[in-house]
Amino acid sequence: MKSRLITLEGSEGAGKTTALNTLCQTLDEWNVEYIVTREPGGEENAEKIRDILLHSEHLHPKTELLLMFASRNEHIENVIKPALKRGQWVVSDRYVDASYAYQGEGRKLGFEVVKWFDDFIVGDIQPDLTLLMDIDPEIGLKRIKSRGQADRIEQEGIEFFHRIAEGYRKKAKIHPQRYAIIDSAKSIPEVKTLIQKALNKHKRHLL
Ligand code: TMP
């Protein structure tokens with residue numbers, strides 16, 4: 001069986017935790033060996049960079065982009081590639097498409113600059129399947145506000161999150177075969193069912 005990389009994406013408050021639980025349950029049912037990781041982070045140096053990214057008082061958008069890819073490089077080289085080589089699947093809570101959405105669209109750095117770093121750092125370690133948790137940013141932000149203290153990125157205004165949602169939809173249109181778009185405005189049981197259906201649809205080409 002070929003090892004696979006599955007990524008979870010979405011704007012803030014889109015229900016990635018529910019998606020992650022459902023995804024792991026399904027992989028267990030399929031008897032797949034996998035690791036769960038996240039970005040930014042998932043590795044010692046990458047977690048230190050995550051702290052700078054999420055908790056610095058200020059950060060220039062270009063610095064933010066560079067740090068996202070610096071942490072991603074450590075993550076890919078030290079965690080993702082070795083796991084795939086061992087034959088394990090990798091489930092990553094966010095990955096390179098987040099940089100297209102957040103830095104490319106959200107911070108308005110543009111698609112091309114992110115693509116350059118994608119080619120340079122990620123190369124052919126591209127996801128086999130991406131679950132995009134799609135939510136109206138107004139609903140998503142309400143959900144995260146009820147959770148308490150927001151980090152540096154979560155404190156941005158609503159326009160920023162509209163650009164991100166649009167950025168993800170744009171990326172999904174480029175890769176329709178590997179994207180499953182999940183309507184996360186639905187209730188948790190409905191979202192779980194949508195994810196299970198999407199996974200079953202992709203099962204044949206993944207296994
Ligand atoms: P999390 O909330 O899913 O833990 O992700 C941390 C934050 O980092 C979230 O606001 C999205 C943001 N982010 C980017 O801006 N660009 C990226 O490339 C990644 C992976 C995350």
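Since this is a predicted model, take the numbers as computed values, not measurements. Counting starts at 1 for both ligands and their atoms, in listed order.
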- Message: Any atom of ligand 1 sitting under 4.0 Å from a heavy atom of Glu64?
- Response: no
- Does any N/O atom on Lys16 come nearer than 3.5 Å to any N/O atom on ligand 1? yes
- Task: Using distance alone, decide if ligand 1 has a nitrogen or oxygen within less than 3.5 Å of any nitrogen or oxygen in Ser99.
- Result: yes
Among protein heavy atoms, which sits nearest to [atom], and what does the distance come to when rounded to 0.1 Å?
atom: atom 17 (C) of ligand 1; answer: Met68 SD, 3.3 Å
atom: atom 16 (N) of ligand 1; answer: Gln103 OE1, 2.8 Å
atom: atom 5 (O) of ligand 1; answer: Arg94 NE, 3.2 Å
atom: atom 4 (O) of ligand 1; answer: Arg50 NH2, 2.8 Å
atom: atom 19 (C) of ligand 1; answer: Ala98 CB, 3.5 Å
atom: atom 12 (C) of ligand 1; answer: Ile153 CD1, 3.8 Å
atom: atom 7 (C) of ligand 1; answer: Leu54 CD2, 3.8 Å

- Task: Can you measure from CZ (Arg50) to CZ (Arg38) and round to the nearest 0.5 angstrom?
- Result: 3.5 Å
- Rounded to the nearest 0.5 angstrom, the OG1-CD1 distance for Thr193 and Ile188 is 12.0 Å
- Query: With a 4.5 Å limit on heavy-atom distance, are the side chains of Val91 and Leu5 in contact?
  - Reply: no
- Message: Any non-hydrogen side-chain atom of Ile195 less than 4.5 Å from a side-chain atom of Lys192?
- Response: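 Not in contact.
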- Query: Would you call Glu77 and Lys81 a salt bridge, taking side-chain N to carboxylate O under 4.0 Å as the test?
  - Reply: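 Between Lys81 and Glu77 there is a salt bridge, with a charged N closer than 4.0 Å to a carboxylate O.
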- Glu190 and Ser187: side chain donor to acceptor below 3.5 Å: yes
- Residue Pro40 vicinity, atoms of ligand 1 by number, heavy atom under 4.0 Å: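 Those atoms are 6 (C), 8 (O), 19 (C), 20 (C), 21 (C).
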- Against heavy atoms of Glu39, which atoms of ligand 1 measure under 4.0 Å? 20 (C)
- Message: List the residues meeting side-chain hydrogen bond (donor to acceptor under 3.5 Å, both in side chains) with Arg152, not counting sequence neighbours, and say none if there are none.
- Response: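 Partners of Arg152 by the side-chain hydrogen bond (donor to acceptor under 3.5 Å, both in side chains) criterion, ordered by chain and then number, come out as Glu64.
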- With respect to atom 10 (O) of ligand 1, which of Arg38, Glu9, Glu12, Glu154 exhibits the smallest heavy-atom separation? Glu12
